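To keep things clear, I will list the structure first and then write my remarks on it.
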Amino acid sequence: MKNVKPKSPKQSSKSNAATVRLVPARQRSAYSAAEAEEIFRRFSVQRPEPRGELEHVNPFTLVVAVALSAQATDAGVNKATRALFAVADTPQKMLALGEEKLRDYIKTIGLYRNKAKNVIALSEKLIADFGGEVPRTREELVTLPGVGRKTANVVLSMAFGQPTIAVDTHIFRIANRIRLAPGRTPDEVEAHLSRVIPEAYLYHAHHWLILHGRYVCKARRPECERCVIADLCKFPEKTCDIPAPLVELPPQVVPVAG
């Protein structure tokens with residue numbers, strides 16, 4: 001058997017250094033810890049108490065609203081669910097309503113037939129497996145029909161006050177666009193954001209990013225002149241590097257669970 005000469009400590013050190021350098025720059029945050037802290041400090045001044053914009057009256061209606069919001073706008077979902085939740089705000093009432101009548105309430109929402117089927121199925125499972133109560137863990141929530149990791153994270157945050165990062169299209173776009181937490185998939189972006197966002201700001205972070213993406217850092221044309229982090233932003237194609245005045249915005253008016 002041929003003798004293999006062991007590597008010297010110096011050689012091993014070089015090998016390890018090379019491995020570190022091989023990590024693609026696009027997979028690392030472009031911001032220092034101090035810059036990330038300042039980004040979320042400014043968001044906290046602008047929106048001290050950010051809220052999700054899906055209307056709901058309890059954890060069950062929140063689960064339904066988030067499930068219905070896939071490939072749909074919050075405004076469109078709210079328009080359909082106002083009348084629905086007035087008559088079916090519990091799993092039991094939703095089952096009594098039935099799939100056919102449920103479809104009539106949500107037919108303005110994309111993929112409404114499949115979504116109606118899932119809402120009825122998740123209502124059945126909530127009653128059969130959870131006593132009609134919405135579970136408080138991600139592992140249990142994702143067992144519900146039509147509920148994925150993003151929906152579960154929204155429910156954990158908005159209904160139960162847990163600090164989670166729900167990566168929707170806005171957050172996925174912004175995390176990659178401004179190079180805050182690059183990732184190829186929503187799960188990668190979620191994990192990256194969880195490491196990058198300072199712990200003190202983690203609870204509200206996903207709402208700040210969603211609202212920033214919805215109203216300022218828009219998909220087609222970012223409104224950089226209205227951005228409070230324009231000077232910090234690493235987006236190569238930004239059109240302004242002077243931050244907008246850092247003032248508190250008017251409070252959101254959004255119905256939430258009582």
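Hydrogens, waters and symmetry mates are skipped; everything else that's a heavy atom, side chains included, is used. From a predicted model like this one, the values you see are computed outputs, not experimental measurements.
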Applying the 4.5 Å side-chain criterion to the ILVMFWY set and letting contacts propagate, would [X] and [Y] be lumped into a single cluster?
| X | Y | result |
| --- | --- | --- |
| Met158 | Leu156 | yes |
| Val64 | Tyr112 | yes |
| Val147 | Leu84 | yes |
| Trp208 | Leu246 | yes |
| Ile120 | Val134 | yes |

query: CD of Glu133: more than 12 outside heavy atoms within 6.0 angstrom?
result: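 Count not over threshold, so no.
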
- prompt: Hey, mind stepping through Phe85 and His56 against ring-ring contact (aromatic ring centres under 6.0 Å, His included) and telling me if it holds?
  reply: CA-CA 8 Å; Phe85 294 156; His56 60 286; 8.6 Å; no

Within a strict 4.5 Å, meaning less than it, do heavy atoms of the [X] and [Y] side chains meet?
| X | Y | result |
| --- | --- | --- |
| Ser69 | Val154 | no |
| Gln162 | Tyr203 | no |
| Arg138 | Thr164 | yes |
| Leu97 | Tyr105 | yes |
| Leu209 | Phe40 | yes |
| Arg177 | Glu237 | no |
| Glu55 | Arg82 | yes |
| Tyr201 | Glu37 | yes |

Quick test of your reading of the model: are [X] and [Y] salt-bridged, counting only N-O distances below 4.0 Å?
| X | Y | value |
| --- | --- | --- |
| Arg195 | Glu199 | no |
| Arg103 | Glu100 | no |
| Lys234 | Glu35 | yes |

What distance do [X] atom [atom1] and [Y] atom [atom2] have between them, rounded to the nearest 0.5 Å?
| X | Y | atom1 | atom2 | answer |
| --- | --- | --- | --- | --- |
| Asp241 | Phe235 | CG | CZ | 14.0 Å |
| His204 | Leu211 | NE2 | CG | 11.5 Å |
| His206 | Ile197 | NE2 | CD1 | 10.0 Å |
| Ser44 | Ile39 | OG | CD1 | 12.5 Å |
| Asn58 | Thr90 | CG | OG1 | 8.0 Å |
| Ile242 | Glu225 | CD1 | CD | 11.5 Å |

So, the side chain of [X] versus the backbone of [Y]: is there a donor-acceptor pair under 3.5 Å, distance only?
| X | Y | answer |
| --- | --- | --- |
| Thr73 | Gly76 | yes |
| Asp89 | Thr61 | no |
| Glu188 | Arg184 | yes |
| His207 | Gly52 | yes |
| Lys93 | Val87 | no |
| Ser157 | Asn153 | no |
| Arg226 | Cys217 | no |

task: Output all residues satisfying side-chain hydrogen bond (donor to acceptor under 3.5 Å, both in side chains) with Asp231, sequence neighbours left out; order by chain, then residue number.
output: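 Asp231: side-chain hydrogen bond (donor to acceptor under 3.5 Å, both in side chains) contacts with Arg42.
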
message: Quick test of your reading: applying salt bridge (charged side-chain N to carboxylate O under 4.0 Å, His left out), list the pairs with at least one residue in residues 107-118, sequence neighbours left out, ordered by first then second residue.
response: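 Residue pairs passing salt bridge (charged side-chain N to carboxylate O under 4.0 Å, His left out), neighbours aside: none found.
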
message: Give me each pair satisfying salt bridge (charged side-chain N to carboxylate O under 4.0 Å, His left out) with a member in residues 148-162, each pair once, sequence neighbours excluded.
response: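 The answer is Arg149-Glu190.
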
Taking all non-hydrogen atoms of both residues, which atom of [X] and which atom of [Y] are closest, and how far apart?
| X | Y | result |
| --- | --- | --- |
| Ala65 | Val77 | O-CG1, 3.8 Å |
| Val228 | Pro245 | CG1-O, 3.9 Å |
| Val196 | Ser29 | CG2-CB, 4.0 Å |
| Gly146 | Asn118 | CA-ND2, 3.8 Å |
| Arg173 | Gly213 | NH2-O, 2.9 Å |
| Pro91 | Leu126 | CG-CD1, 4.0 Å |

- request: Carefully, step by step, assess Glu38 and Leu232 under the rule side-chain contact (heavy atoms from CB on, under 4.5 Å).
  value: CA-CA 9 Å; Glu38 179 61 11; Leu232 299 170; 3.6 Å; yes

message: Does Val66 form a side-chain contact (heavy atoms from CB on, under 4.5 Å) with Leu62? I'd like the steps, not just the answer.
response: CA-CA 6 Å; Val66 180; Leu62 177 61; 3.8 Å; yes

Worked check of side-chain contact (heavy atoms from CB on, under 4.5 Å) between Leu95 and Glu124: CA-CA 7 Å; Leu95 285 184; Glu124 290 175 338; 3.3 Å; yes

message: Evaluate Arg214 against Glu53 for salt bridge (charged side-chain N to carboxylate O under 4.0 Å, His left out), listing each step before the verdict.
response: CA-CA 11 Å; Arg214 184 172 291 162; Glu53 296 188 323; 2.5 Å; yes

- prompt: Applying the side chain to side chain contact (heavy atoms under 4.5 Å, CB included) test to Ile171, which of Leu180, Asn176, Leu193 qualifies?
  reply: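 Considering Leu180, Asn176, Leu193, a side chain to side chain contact (heavy atoms under 4.5 Å, CB included) with Ile171 is found only for Leu193.
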
field: Residue pair Glu140 / Thr143, side-chain donor-acceptor N/O under 3.5 Å
entry: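 The answer is no; no qualifying pair exists.
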
